[in-house]
Amino acid sequence: MEFQSKKLYPIPRVQTKNSEYTKLLLQDYAGETSEDSAIHLYTFQSLILEN
């Protein structure tokens with residue numbers, strides 16, 4: 001069985017700018033408790049603890 005679509009992804013189109021969505025995504029991406037911050041913290045700590 002093969003579960004694959006041959007269709008291309010649709011091109012994203014911005015209809016209106018919404019700064020509220022930007023603020024929500026900013027917290028998830030670059031906030032103090034974000035996933036990205038956690039990844040960088042773990043990487044930094046692993047480099048420090050190797051020595």
Pairwise distance CG(Leu25) to OH(Tyr21) - rounded to 0.5 angstrom:
10.0 Å
Just verifying a value: how many Å separate Leu26 CG and Ser19 OG, rounded to the nearest 0.5 Å?
11.5 Å
How many angstroms lie between CD1 in Ile48 and OG1 in Thr43, if you round to the nearest 0.5 Å?
11.5 Å
Between the side chains of Ser37 and Ser34, is a donor N or O closer than 3.5 angstrom to an acceptor N or O?
yes
Decide if atom CD of Gln45 counts as having more than 12 heavy atoms of other residues, nucleotides or ligands within a radius under 6.0 Å.
yes
Would you say the side chain of Thr22 lies within less than 4.5 Å of the side chain of Glu20, judging by non-hydrogen atoms?
no
CZ (Phe44) and CG (Leu49) are apart, to the nearest 0.5 Å, by 9.5 Å
